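Below is one structure, written out as structure tokens, with a few remarks after it.
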Amino acid sequence: MSLTEQQQIKLDKIQLDAGWKSGLSEFLLSPKMDELKDFLVQEKKADKVIYPPSSLIFNALNTTPLANVKVVILGQDPYHGPNQAHGLSFSVQKGVAIPPSLRNIFHELNTDLAIVKPIHGDLTRWAEQGVLLLNAVLTVEAGQPTSHQKRGWEDFTDHVIDVLNEQRDHVVFILWGAYAQRKGQRIDQNKHLVLKAAHPSPLAANRGGFFGCKVFSKSNNYLKQNGIEPINWQLDA
């Protein structure tokens, strides 16, 4: 894609990892992205509190550059409580209570790999190793779950998946729940490993299909089989 000077200036203003910016440039310069930006500007003008903070909206993509992605864990929306969301799916910052879904993830991690359950919910260490913790929708209004759905983020993250699908090989996609699995239908399973299970939320997990899914060991086995360094899922030192 050959860019005009004006388009290049527009891209330069976006604080995003260079690899992702290049792969997503067509969408970033599209009217859909302009509409999404306008929506967020209007929400803030109306004095609505938006999570995560603006500087962390692209945290997943900036912490896990395109060239480093080994595993994708696909979530739906950011947490909508104070100080929870920081741009990584299922993750909360240190010092914040671990949400129920993440507690269940840690339980599965413990039974799968015998890793002691972490004392905090900050998954940055996973992201730094190549685990893209991607929500389908990257912002939310405080106290209003799903409030930013169907505003354009789904199209943006579809493009993220398409870029991974086309430009990378042997990526593990972990799809918990029907929503993530629908979104993952575009993944080429001849090039990548797709692992499906029930959602880790208490209501879904307790119905069956999440506990015992062993996605952590399955991910590492696949990575090793393809000559890729596995993930150290241990969060605490």
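On a predicted model such as this, the values are computed, not experimentally measured, just so you know.
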Practice prompt. Check step by step if side-chain contact (heavy atoms from CB on, under 4.5 Å) holds for Cys213 and Trp176.
Written response: CA-CA 10 Å; Cys213 64; Trp176 285 322; 4.1 Å; yes
Does [X] reach the main-chain N or O of [Y] with its side chain, forming a donor-acceptor pair under 3.5 Å?
X: Gln15; Y: Ser55; answer: no
X: Gln167; Y: Asp162; answer: no
X: Gln144; Y: Glu141; answer: no
X: Trp126; Y: Val131; answer: no
X: Lys70; Y: Glu229; answer: yes
X: Asp169; Y: Lys191; answer: no
X: Asn165; Y: Ile161; answer: no
X: Ser91; Y: Gly121; answer: yes
X: Thr157; Y: Glu154; answer: yes

Which pair of heavy atoms, one from [X] and one from [Y], lies closest together, and at what distance?
X: Gln181; Y: Ala197; value: NE2-O, 2.9 Å
X: Ala198; Y: Phe210; value: O-CD1, 3.3 Å
X: Ala85; Y: Pro53; value: O-CD, 4.1 Å
X: Leu113; Y: Ser217; value: CD2-CB, 3.7 Å
X: Asn135; Y: Gln76; value: OD1-N, 3.3 Å
X: Asn83; Y: Val96; value: O-CG2, 3.3 Å

State, with a plain yes or no, whether a side-chain heavy atom of [X] is found less than 4.5 Å away from one of [Y].
X: Glu43; Y: Ser147; result: no
X: Leu61; Y: Leu24; result: yes
X: Val171; Y: Leu132; result: no
X: Thr111; Y: Phe211; result: no
X: Ser219; Y: Ile174; result: yes
X: Ile73; Y: Val215; result: no
X: Leu28; Y: Trp20; result: no
X: Leu235; Y: Asp122; result: no

Are [Y] and [X] co-members of a hydrophobic cluster defined by side-chain heavy atoms under 4.5 Å apart?
X: Leu109; Y: Ile98; result: yes
X: Val172; Y: Leu88; result: yes
X: Leu223; Y: Leu193; result: yes
X: Trp153; Y: Val49; result: no
X: Leu175; Y: Leu164; result: yes

So, taking the atom named [atom1] in [X] and the one named [atom2] in [Y], what distance separates them when rounded to the nearest 0.5 Å?
X: Phe173; Y: Lys196; atom1: CZ; atom2: NZ; answer: 12.5 Å
X: Lys117; Y: Ile115; atom1: NZ; atom2: CD1; answer: 13.0 Å
X: His192; Y: Arg168; atom1: NE2; atom2: CZ; answer: 8.5 Å
X: Asn206; Y: Ser201; atom1: CG; atom2: OG; answer: 8.5 Å
X: Leu66; Y: Lys21; atom1: CG; atom2: NZ; answer: 14.0 Å
X: Leu40; Y: Thr139; atom1: CG; atom2: OG1; answer: 4.5 Å

Worksheet item: Around atom NZ of Lys32, are there more than 12 heavy atoms of other residues, nucleotides or ligands at under 6.0 Å?
Response: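 No, NZ of Lys32 has 12 or fewer neighbouring heavy atoms, counting only those of other groups under 6.0 Å.
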Discussion item. Ring-plane angle category for Phe27 and His159, please: parallel below 30°, perpendicular beyond 60°, tilted otherwise.
Written reply: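 Rings of Phe27 and His159: tilted, as their planes differ by 30° to 60°.
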Worksheet entry | Parallel, tilted or perpendicular, as decided by the 30° and 60° cut-offs, for the rings of Phe58 and Phe156 |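 Correct class here is tilted.
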Item to complete: Starting from the C-alpha separation in whole Å, work towards a yes-or-no answer on side-chain contact (heavy atoms from CB on, under 4.5 Å) for Leu11 and Ser25.
Response: CA-CA 7 Å; Leu11 275 182; Ser25 59; 3.9 Å; yes
Discussion item. Would Glu108 and Asn104 count as a side-chain hydrogen bond (donor to acceptor under 3.5 Å, both in side chains) here? Give the steps.
Written reply: CA-CA 6 Å; Glu108 177 60 24; Asn104 284 340; over 6 Å; no
Discussion item. Under 6.0 Å between ring centres: does that hold for Tyr179 and His199?
Written reply: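 No, the ring centres sit 6.0 Å or more apart.
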Worksheet item: Does the pair Gln149 and Asp77 meet the rule for a side-chain hydrogen bond (donor to acceptor under 3.5 Å, both in side chains), with working shown?
Response: CA-CA 8 Å; Gln149 287 187 5; Asp77 291 90; 2.8 Å; yes
Fill in: Step-by-step side-chain contact (heavy atoms from CB on, under 4.5 Å) determination, Ile105 to Phe216
CA-CA 10 Å; Ile105 291 170; Phe216 303 104; 3.8 Å; yes
Worksheet item: Does the side chain of His80 pick up a donor-acceptor pair with the side chain of Tyr51 at under 3.5 Å?
Response: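 His80 vs Tyr51: no donor-acceptor pair found between side chains.
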Worksheet item: Does the pair Thr64 and Asn68 meet the rule for a side-chain hydrogen bond (donor to acceptor under 3.5 Å, both in side chains), with working shown?
Response: CA-CA 6 Å; Thr64 312; Asn68 296 358; over 6 Å; no
Item to complete: Check step by step if side-chain contact (heavy atoms from CB on, under 4.5 Å) holds for Leu36 and Asp155.
Response: CA-CA 10 Å; Leu36 178 54; Asp155 291 333; over 6 Å; no
